[in-house]
2 protein chains.
Amino acid sequence: MNAREQTFVETLRANNYKLTRARRALIHALAGASKPLTINGLHARAKEIDPKIGLVTVYRTLELLSELDLVRSVHLADECHGYAVSTPGHTHHLICRACHALVEIDGCNLGAFLKEVEQRTGYRITGHWLEFEGLCPKCAEAEK
Amino acid sequence: MNAREQTFVETLRANNYKLTRARRALIHALAGASKPLTINGLHARAKEIDPKIGLVTVYRTLELLSELDLVRSVHLADECHGYAVSTPGHTHHLICRACHALVEIDGCNLGAFLKEVEQRTGYRITGHWLEFEGLCPKCAEAEK
DNA sequence: CTATTTGCAAAGTGTTTGCAGGAGC
DNA sequence: GCTCCTGCAAACACTTTGCAAATAG
């Protein structure tokens with residue numbers, strides 16, 4: 001069990017949620033992922049651990065984990081809904097358009113641009129959402 | 001017929017697409033909008049002009065207009081798929097979270113940040129997607 | 001032992017496809 | 001007149017809900 005899984009388990013306990021077979025399986029599937037996965041992808045992975053887990057449970061568990069800020073949903077260009085483990089704080093995502101590997105970008109220096117936009121438009125900006133798409137070193141190499 | 005509609009019509013013609021009753025209705029619905037609309041919203045608006053227009057045609061026409069870069073899809077926080085008229089070039093969107101009014105932000109000074117991220121990650125970044133959420137002046141006023 | 005959680009089945013949404021009739025050029 | 005486009009219905013995919021049985025604590 002790695003550090004990520006540890007956090008999941010502790011957070012669930014701290015909030016009085018039971019640690020069931022299905023939840024363990026899904027947590028493991030999530031914690032081991034290096035890229036955002038779709039609901040179906042997660043279901044498939046979780047099934048390897050607990051073959052009985054149903055798709056419905058995946059939906060419900062993701063909703064729960066999402067409320068606890070343990071996972072966060074990512075919008076992929078092609079398929080709208082992906083889920084990835086969330087690291088605390090404000091981050092952005094960089095996703096490889098070939099293999100879908102995901103890197104979290106922390107430290108976001110949009111501040112100045114944001115202020116400029118606020119002045120230009122009169123809006124009060126309360127949030128933003130930034131995603132980068134590109135090629136990871138491996139895929140860039142492979143494409144040559 | 002305003003300038004936007006003109007562009008729509010010309011682009012369709014230039015690509016050998018027919019200018020049908022349904023397309024006119026949808027174009028009008030789009031061109032008059034100041035905020036991104038959902039499929040259903042567009043369907044409702046288009047129906048005011050051509051009561052016979054079916055939802056299916058809205059889907060198909062939006063797909064077409066999207067291919068021609070005349071509209072672009074926007075991801076709203078709550079409802080995933082919205083469509084807005086696209087102005088040419090690279091822009092970002094600022095959307096009021098209360099009334100959904102949309103402002104296009106042109107001039108995007110992400111360049112430096114982008115380079116930094118490229119160096120940090122080794123990725124070659126080929127695209128990005130930025131959306132701001134906030135309160136427009138009117139709604140900010142109303143909320144007091 | 002009790003309350004929560006699960007899995008199944010079924011209902012509900014939103015989107016896409018096949019096809020015959022209708023409209024644009 | 002010929003082709004492209006539309007509308008309908010039905011198929012399809014994805015997500016949510018109701019409920020009885022299973023299980024964690």
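The analysis underlying the following values was restricted to heavy atoms, covering all of them including side chains, and did not include hydrogens, waters or symmetry mates. So you know, we letter chains A, B, ... as the sequences are listed, proteins then strands, and number each from 1.
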Could you please name the option among [options] that lies closest to any side-chain atom of [X]?
X	options	value
B/Y17	C/dT16, D/dC5, C/dC25	D/dC5
B/K18	C/dG7, C/dC25, D/dT6	C/dC25
B/D50	C/dA9, D/dG7, D/dG25	D/dG7
B/R23	C/dT15, D/dT6, C/dG24	D/dT6
B/L55	D/dG7, C/dT15, C/dG24	C/dT15

d([atom1], [X]; [atom2], [N]) in whole Å:
X	N	atom1	atom2	value
B/I27	D/dC5	CD1	P	12 Å
B/N16	D/dT3	CG	C1'	12 Å
A/L62	D/dT16	CG	C1'	14 Å
A/R24	C/dT5	CZ	P	14 Å
B/R13	C/dG24	CZ	P	13 Å
A/R21	D/dG25	CZ	P	13 Å

OP1 or OP2 of [N] less than 4.0 angstrom from a side-chain nitrogen or oxygen of [X], does that happen here?
X	N	result
A/Y59	D/dT15	yes
B/T20	D/dT6	yes
A/R60	C/dG7	no
A/T57	C/dT6	no

Is any side-chain heavy atom of A/Y17 less than 4.5 Å from a side-chain heavy atom of A/R23?
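Of all side-chain heavy-atom pairs linking A/R23 with A/Y17, at least one is under 4.5 Å.
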Can any side-chain N or O of [X] pair as donor or acceptor with the backbone N or O of [Y] at less than 3.5 Å?
X	Y	answer
B/H128	B/L114	no
A/N2	A/R4	yes
A/R124	B/L135	no
A/T57	A/I53	no

Want to settle it: does B/K52 or B/V56 sit nearer the 5' end of DNA chain C, counting the closest nucleotide to each?
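Nearest nucleotide further toward 5': that of B/V56.
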For B/E63 and A/V58, find the nucleotide of DNA chain C closest to each by heavy atoms; which residue's nucleotide sits nearer the 5' end?
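Nearest nucleotide further toward 5': that of A/V58.
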